[in-house]
Number of protein chains: 2
Amino acid sequence: MKHTSSLADSRLRDIGKRVTSQRRIVMDILASAEGHLDASEIYERARQANATLSLATVYRTLKALCENGVVRQLHLAGERHHYELDREDRHAHLVCSVCGRIWEVDSTSLSRAARAAGREFGFQVTAARMEVVGVCASCRNELGQEK
Amino acid sequence: MKHTSSLADSRLRDIGKRVTSQRRIVMDILASAEGHLDASEIYERARQANATLSLATVYRTLKALCENGVVRQLHLAGERHHYELDREDRHAHLVCSVCGRIWEVDSTSLSRAARAAGREFGFQVTAARMEVVGVCASCRNELGQEK
DNA sequence: GAGTTAGTTGCGAATGATTCGCATGTGCAT
DNA sequence: ATGCACATGCGAATCATTCGCAACTAACTC
């Protein structure tokens with residue numbers, strides 16, 4: 001069971017971290033997830049690859065990756081943080097306040113707005129996130145039927 | 001020391017909540033703060049008006065106000081939630097990743113982007129927030145001097 | 001390839017924000 | 001004025017996240 005470890009390995013070396021199986025596992029999980037995951041989701045998946053990997057290691061790995069810009073920590077609605085690989089594309093999150101599902105949206109207008117807002121305030125923008133909360137189409141249908 | 005309680009009172013009655021001095025205090029604090037506050041900031045200010053008001057009451061009040069759309073809970077960077085009166089204007093937050101200060105920015109483009117993104121996904125948008133992270137002008141100056 | 005060592009891990013305990021349980025207190029409808 | 005459902009205060013409980021420390025191991029040196 002070989003990993004796509006060359007990617008993870010070089011990223012780790014780039015940021016001056018040792019390559020460990022635990023870190024590879026966490027990075028592979030983030031790389032193969034389409035969206036963002038929270039720490040316990042990452043932990044559960046990681047346990048499938050290594051039954052003794054600890055939650056603390058998940059947190060420590062995420063922290064190290066965040067500090068080095070490899071991973072981004074998201075502050076969406078809810079109690080827990082979410083994490084995603086920093087793919088350098090700026091996108092927005094659409095959060096349905098009924099079912100809680102989250103969509104990712106590429107947003108060129110977000111990027112533009114971010115830069116404009118930053119310039120106006122003498123801000124050197126390094127990241128931008130937009131969270132749009134509302135009711136998704138399917139929930140609106142269900143709500144409509146109830147009435 | 002009269003409060004501007006008529007506003008708070010009617011808001012509370014509107015959402016079917018009893019008017020208590022504790023709730024008035026919390027709402028007045030939110031109304032007079034220009035930006036957003038976290039729970040402990042609200043708690044500290046509230047204690048100045050009522051020394052026995054409890055932190056649990058602050059949280060319960062904020063929760064009730066959030067559930068009724070009077071207050072908005074923000075998920076900015078950092079561990080704690082922030083709260084602000086829902087003034088129905090859509091604005092963005094500029095977060096300096098060096099000093100941690102936060103600015104609010106009126107953003108008509110944000111509003112436009114949110115609506116557009118929502119429409120594209122059949123989303124009925126109820127709230128939009130944008131968080132722009134970067135380095136503020138004064139921190140950039142200081143960093144520049146160090147080099 | 002074995003030795004050394006600083007960086008990592010696992011575990012459980014600690015922390016910090018937020019919530020809950022319950023006995024007591026108090027708006028407000030009657 | 002009276003009753004009772006809703007609110008509050010307090011401390012205990014919960015949940016995510018972090019820390020302390022002893023055991024482990026990646027990676028540098030010979």
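Proteins get letters first, then strands, A, B, ... in listed order; numbering begins at 1 in each.
Per the geometry, CZ belonging to B:Arg13 stands 9 Å off C1' belonging to C:dG27, to the nearest Å. Between the C1' atom of C:dC28 and the NZ atom of B:Lys17 lies a distance of 15 Å, rounded to the nearest Å. Rounded to whole Å, the distance from OH on B:Tyr43 to C1' on C:dT19 is 15 Å. The interatomic distance linking B:Ile25 (CD1) with D:dT8 (P) rounds to 10 Å, in whole Å. The nearest whole Å value for the distance from the CZ atom in A:Arg47 to the C1' atom in C:dG10 is 10 Å. To the nearest angstrom, P of C:dA17 lies 9 Å from CD of B:Glu79. Rounded to whole angstrom, the span from the CG atom of A:Asn50 across to the P atom of D:dC24 amounts to 15 Å. Taking atom CG of residue B:Leu62 and atom P of nucleotide C:dT18, one finds them 9 Å apart after rounding to whole Å.
The side chain of A:Tyr59 places no N or O atom within less than 4.0 Å of a non-bridging phosphate oxygen (OP1 or OP2) of D:dT18. Remark: A:Gln22 is in phosphate contact with C:dG10, judged by side-chain N or O atoms under 4.0 Å from OP1 or OP2. Residue B:His81 places no side-chain N or O under 4.0 Å from the OP1 or OP2 atom of C:dA17. Within the structure, a side-chain polar atom (N or O) of A:Thr57 is placed less than 4.0 Å from OP1 or OP2 of C:dG10. Using a 4.0 Å cut-off, no side-chain N or O of A:Thr20 falls inside it from OP1 or OP2 of D:dT25. OP1 or OP2 of D:dT17 has not a single side-chain nitrogen or oxygen of A:Arg60 nearer than 4.0 Å. Of the side-chain N and O atoms in A:Arg80, one or more sit less than 4.0 angstrom from OP1 or OP2 of D:dA16.
A donor-acceptor contact shorter than 3.5 Å links the side chain of A:Glu41 to the backbone of A:Asp38. The backbone N or O of A:Ile29 lies less than 3.5 Å from no partner atom in the side chain of A:Arg45, so there is not a single donor-acceptor pair. A:Thr57 places no side-chain N or O within 3.5 Å of a backbone atom of A:Leu53 that could act as its donor or acceptor partner.
Counting non-hydrogen atoms under 4.0 angstrom, B:Thr52 reaches the backbone sugars and phosphates but no base. Residue contacts for B:Leu55: at a heavy-atom cut-off of 4.0 Å it reaches a base atom on one of the strands shown.
Comparing B:Val19 and A:Gly16 along DNA chain C, the residue whose closest nucleotide (by nearest heavy atom) sits nearer the 5' end is A:Gly16.
With C:dC11, D:dA7, D:dC10 as the candidates, the nucleotide lying closest to the side chain of A:Ala56 is C:dC11. In the set C:dC28, D:dG9, C:dC11, the nucleotide with an atom closest to the side chain of B:Ser54 is D:dG9.
The base of C:dG27 lies outside donor-acceptor range of the side chain of B:Arg23, with no N or O pair under 3.5 Å. Below the 3.5 angstrom threshold, one finds a donor paired with an acceptor across the side chain of B:Arg18 and the base of D:dC6.
Here the side chains of A:His82 and A:Leu37 are not in contact, with every heavy-atom distance at 4.5 Å or above.
Note: A:His75 and B:His75 fail the aromatic proximity criterion, with ring centroids not under 6.0 Å apart.
Here the OG atom belonging to B:Ser40 is positioned 7.0 Å from the OH atom belonging to B:Tyr59, to the nearest 0.5 angstrom.
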